[in-house]
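Have a look at the structure below, then the notes.
Throughout, protein chains are lettered first and strands after them, A, B, ... in sequence-line order, and every chain is numbered starting at 1. The basis for the numbers below is simple: all heavy atoms, side chains too, and nothing from hydrogens, waters or symmetry mates.
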There are 2 protein chains.
Amino acid sequence: MAKRALPLKRTNSRATSAEVAKLAGVSRTTVSLVLNDRGGELGISAETRARVADAAARLSYQPSHAARSLRRWRTNVIALLLYTLDSFYNAEIIGAAHAAALERGYSLNIMSAKFDEVQRRAYALLSGGVADGVIVAAPPADLAADLKKLADNGMPIVVMQHHSPDPAIQAVRVDLERGGYVATRHLIDLGHRRIAHIGSASQRLLKRRERSDGYARALQEAGIAADPHLVAMAEPSLAGGFSAMEELLAQDERPSAVFVYSDQMAIGALHALRKHGVRVPEAMAVIGFDGIALGGFVTPELTTVDYSRADIGRLAVEAVIGRLEGEAEPPPREQVLPVRLLVRESCGGARAAIDREGA
Amino acid sequence: MAKRALPLKRTNSRATSAEVAKLAGVSRTTVSLVLNDRGGELGISAETRARVADAAARLSYQPSHAARSLRRWRTNVIALLLYTLDSFYNAEIIGAAHAAALERGYSLNIMSAKFDEVQRRAYALLSGGVADGVIVAAPPADLAADLKKLADNGMPIVVMQHHSPDPAIQAVRVDLERGGYVATRHLIDLGHRRIAHIGSASQRLLKRRERSDGYARALQEAGIAADPHLVAMAEPSLAGGFSAMEELLAQDERPSAVFVYSDQMAIGALHALRKHGVRVPEAMAVIGFDGIALGGFVTPELTTVDYSRADIGRLAVEAVIGRLEGEAEPPPREQVLPVRLLVRESCGGARAAIDREGA
DNA sequence: ATTATTATCTAATACGATTTAGATAGAGGC
DNA sequence: GCCTCTATCTAAATCGTATTAGATAATAAT
């Protein structure tokens, strides 16, 4: 692991508040008060305030993050724990989260924790106080215990895109079950009866069955018997979607439509269909999930279940900050965002698009 | 900006080294020595070491990151500054960087600095000592001065995917000029003469002209006059590629091939071509740049200029750590990685693929 | 002239870990 | 019994900032 620390030496020549104090001819206390904007209320004269600000600027003083958070018990950092950086919707979530955090004076520390080792490290860092709160996307199952420990220690934790795994943990998520239902219902309304489903079979992530549940509910409601041969599970990736689709195509009696776990997998599935000469949407209708921008750029353009990635990022950040700044009423344990059908080309005719809104 | 800090209060009940010391019946010094694995060499008996380790485990002791880095002048964190999280190749770079960092006992703090405001914040954080070194991808022009200040203060800085903007800043980059040359040459070898180019016109990022330079060199070498009407610039995004392609299609005399700045833009361009009924590769050959996995899943599969994203991430991390741990010889200012042509479908016939290797 | 009040500023401490510079005790040499 | 040496451990100082609890001097009130 980590080698021995190198000889302790002050390498960089950053100015300290003491040096600012000396240059301005005041005490460290005054410097602290002025630079934290408490000079006015606490009776530091305007003239002194200006002198301190000037000295700080001249020395390009930047407070030491370590010293400040040691003293304040606050880092003003929110950690964003992601397990899949290649999810195409992450960028939007992160962008919105960033904006929301900034607005409240926080910054975001994105920790990608793909490997077990990184994950262990992330836990150590968090429990070492590297951030004030944590937002977790798609947590792996074995992290649940760690998260709970952090939450029990008073750290605000918000899970995105998943059910709250514990009463101490908030969740900001999308109505995935309804999404699965809406997608499948769309296919049924278009006249399909043999409707396949490609699901996510990630070993590591917490089970996410909601989409599949919605699929099953729509089938049942329409009086269509569930056929286990029409369900294929694979890793949630382009390649996973590809191989799951090939598996479905190997069936004796092929489906005429498929509801896919994510747009990413759906794009893999489209590729498999093209390779096997199956025309979309004529011979196979395909519907994805997530509404990523890329879906509008593939052939054919992907019909999908859309939701606001930006809302997820923003609400997650606001939930964490709300907890940190002690808002009056306890926050709701779960915030569930609506989904909406986004009809493009990959399912053919758009006649059912009108009243499938999930909001 | 940041509201006033809340009342100072010890909210979380993390154990401190003093509590571990008490439980183990030793001094804080001993705890520190033992937990930093210096107990052996400094004469702490095996029995005491075991007692301390046990006490630490029982209290689930985690050293305070703030206190430790305040004292050590080391955070063991490397910051990774990204300006575009939606670049599809970032995930691979980040994955490799993570692995390399972990191996040496460091962790990665990904800071997405899309907005100016975030960027200012990032600079403040870094200059406040939140990380020991920085890796910057695609730095905006206005950040160069900030980066230089950090570098002059002794912070190791490595730029990825770009020329080193300053002698104090290292670079790990790809031979983009050669990539542009190889791509264009491929099109020429396939018999094309009217070869268009879609470039990146990002206002904010540092100018990156290498790809275009390679394009120009290949044309000149083949005795083809450069035609400014065949060059379109746009934002480096799916939509940018789309609109640039439409612009090119509006020409009186259309090109027969196009070399696109990135795979992402190329996918946008493919979409424009399909929309306008231009068949690829028959009526228009398209070649991209980056070798992202997605390129193998679109219609038609995208021919591209590939390079190792993983090497970039790994080398960047190793460069930073090398500087931090004071390696003997000064590191090379630039490390330039090779590119290689990856022939798929979007340019038609593959006959020129053999000897265009860039390595 | 004394006391209270206000305006302005500061000395000293605390945060938690690491490190420097010893302290203590026992063993061995004489 | 005194001294040295080694093995084992520790007291105190330190990192840079924020905060608590005053200090000081000028002004106003009596």
Side-chain angles (χ1 to χ4, degrees), chain A residues 4-22 24-52 56 59 61-76 127-130, chain B residues 2 4-22 24-49 51-52 56 59 61-76 127-130:
Chain A
R4 273 295 307 117
L6 292 187
L8 197 73
K9 208 180 49 177
R10 173 157 174 168
T11 52
N12 65 354
S13 47
R14 275 198 358 254
T16 71
S17 73
E19 296 171 62
V20 175
K22 197 157 88 182
V26 298
S27 72
R28 270 147 60 227
T29 306
T30 303
V31 171
S32 173
L33 293 177
V34 170
L35 296 184
N36 287 295
D37 264 342
R38 299 173 55 197
E41 49 192 274
L42 282 179
I44 307 290
S45 71
E47 192 263 329
T48 303
R49 289 208 302 264
R51 220 168 56 239
V52 169
L59 297 172
Y61 170 70
Q62 279 292 343
S64 149
H65 185 76
R68 170 172 281 183
S69 41
L70 174 58
R71 180 62 232 234
R72 274 196 181 158
W73 291 87
R74 268 299 168 78
T75 60
N76 267 47
S127 115
V130 93
Chain B
R4 274 291 309 115
L6 291 188
L8 198 73
K9 210 181 48 175
R10 173 157 175 168
T11 52
N12 64 355
S13 49
R14 277 198 358 251
T16 70
S17 73
E19 297 173 63
V20 175
K22 196 158 89 180
V26 297
S27 72
R28 269 146 61 227
T29 306
T30 303
V31 170
S32 173
L33 293 176
V34 170
L35 296 184
N36 287 294
D37 265 342
R38 299 172 55 197
E41 50 193 273
L42 283 180
I44 306 291
S45 71
E47 193 262 329
T48 303
R49 290 207 303 264
R51 220 167 56 239
V52 170
L59 297 173
Y61 169 71
Q62 280 291 343
S64 149
H65 184 77
R68 169 173 282 181
S69 40
L70 174 58
R71 181 61 234 235
R72 273 197 182 156
W73 291 87
R74 268 299 168 77
T75 60
N76 269 47
S127 114
V130 93

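The NE2-C1' distance, from A:H65 to C:dC15, rounds to 14 Å in whole Å. For the pair B:I44 CD1 and C:dA25 P, the computed distance is 17 Å after rounding to whole Å. Across the protein-nucleic acid pair, B:R14 atom CZ and C:dG16 atom P stand 8 Å apart, rounded to whole Å. Taking atom CZ on B:R28 and atom P on D:dT14, their separation rounds to 14 Å, with Å as the unit. Protein atom CG of B:L33 is 16 Å distant from nucleotide atom P of D:dA7, rounded to whole Å. Rounding to whole angstrom units, CZ of residue B:R72 and C1' of C:dG16 are separated by 13 Å. As a whole-Å value, the separation of A:R74 CZ from D:dA18 P is 14 Å. As a whole-Å value, the separation of A:R38 CZ from D:dA18 P is 10 Å.
For A:W73, the side-chain atoms get nearest to C:dG16 when compared with the rest of C:dA17, D:dT17, C:dG16. Comparing atom distances between the A:L70 side chain and each of D:dT17, C:dC9, D:dG16 picks out D:dG16 as nearest. Proximity note for A:P63 (side chain, C-beta onward) versus D:dT17, C:dA17, C:dC9: the nearest is D:dT17.
At a cut-off of 3.5 angstrom, the base of D:dT17 holds no donor-acceptor pair with the side chain of A:R71. With hydrogens and angles left out, the side chain of B:T16 and the base of C:dA17 share no donor-acceptor pair within 3.5 Å.
Here B:S69 pairs with A:A66, B:H65, B:T75 under the side-chain contact (heavy atoms from CB on, under 4.5 Å) rule; sequence neighbours left out.
Contact between the side-chain N/O atoms of B:S17 and the OP1/OP2 oxygens of C:dA17 is found at a separation under 4.0 Å. The side chain of A:S32 contributes an N or O atom lying less than 4.0 Å from OP1 or OP2 of D:dA18. Distances shorter than 4.0 Å separate none of the side-chain N or O atoms of A:S27 from OP1 or OP2 on C:dC9. Residue A:Y61 places none of its side-chain N or O atoms closer than 4.0 Å to OP1 or OP2 of D:dG16.
As judged by a 4.0 angstrom heavy-atom cut-off over every strand, B:T29 is placed among the base-contacting residues. At the heavy-atom level, A:V31 lies nowhere under 4.0 Å from the strands shown. Within 4.0 Å (heavy atoms only), B:T48 reaches sugar-phosphate atoms of the nucleic acid but no base atom. At the heavy-atom level, B:T30 lies under 4.0 Å from base atoms of the strands shown.
In the model, B:S45 has a side-chain atom that pairs as donor or acceptor with a side-chain atom of B:T48 under 3.5 Å.
The terminal axes of the helix from C:dA1-D:dT30 to C:dC30-D:dG1, fitted over 5 pairs per end, subtend an angle of 70° to the nearest 10°.
At least one donor-acceptor pair under 3.5 Å links the side chain of A:R49 to the backbone N or O of A:I44. Side-chain N or O atoms of A:R14 include one that pairs as donor or acceptor with a backbone N or O of B:S127 at under 3.5 Å.
In this structure, CZ on A:R28 lies 11.0 Å from OG1 on A:T30, to the nearest 0.5 angstrom. With rounding to the nearest 0.5 angstrom, the OG1 atom of A:T16 is 9.0 Å from the NZ atom of A:K22.
Side chains of A:N36 and A:R68 form a contact here, defined as non-hydrogen atoms less than 4.5 Å apart.
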(request) Assess whether side-chain hydrogen bond (donor to acceptor under 3.5 Å, both in side chains) is satisfied between B:T29 and B:S32, documenting all intermediate values. (result) CA-CA 5 Å; B:T29 306; B:S32 173; over 6 Å; no

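Along DNA chain D, the nucleotide closest to B:E47 and the one closest to A:R68 are compared, and the more 5′ of them pairs with B:E47.
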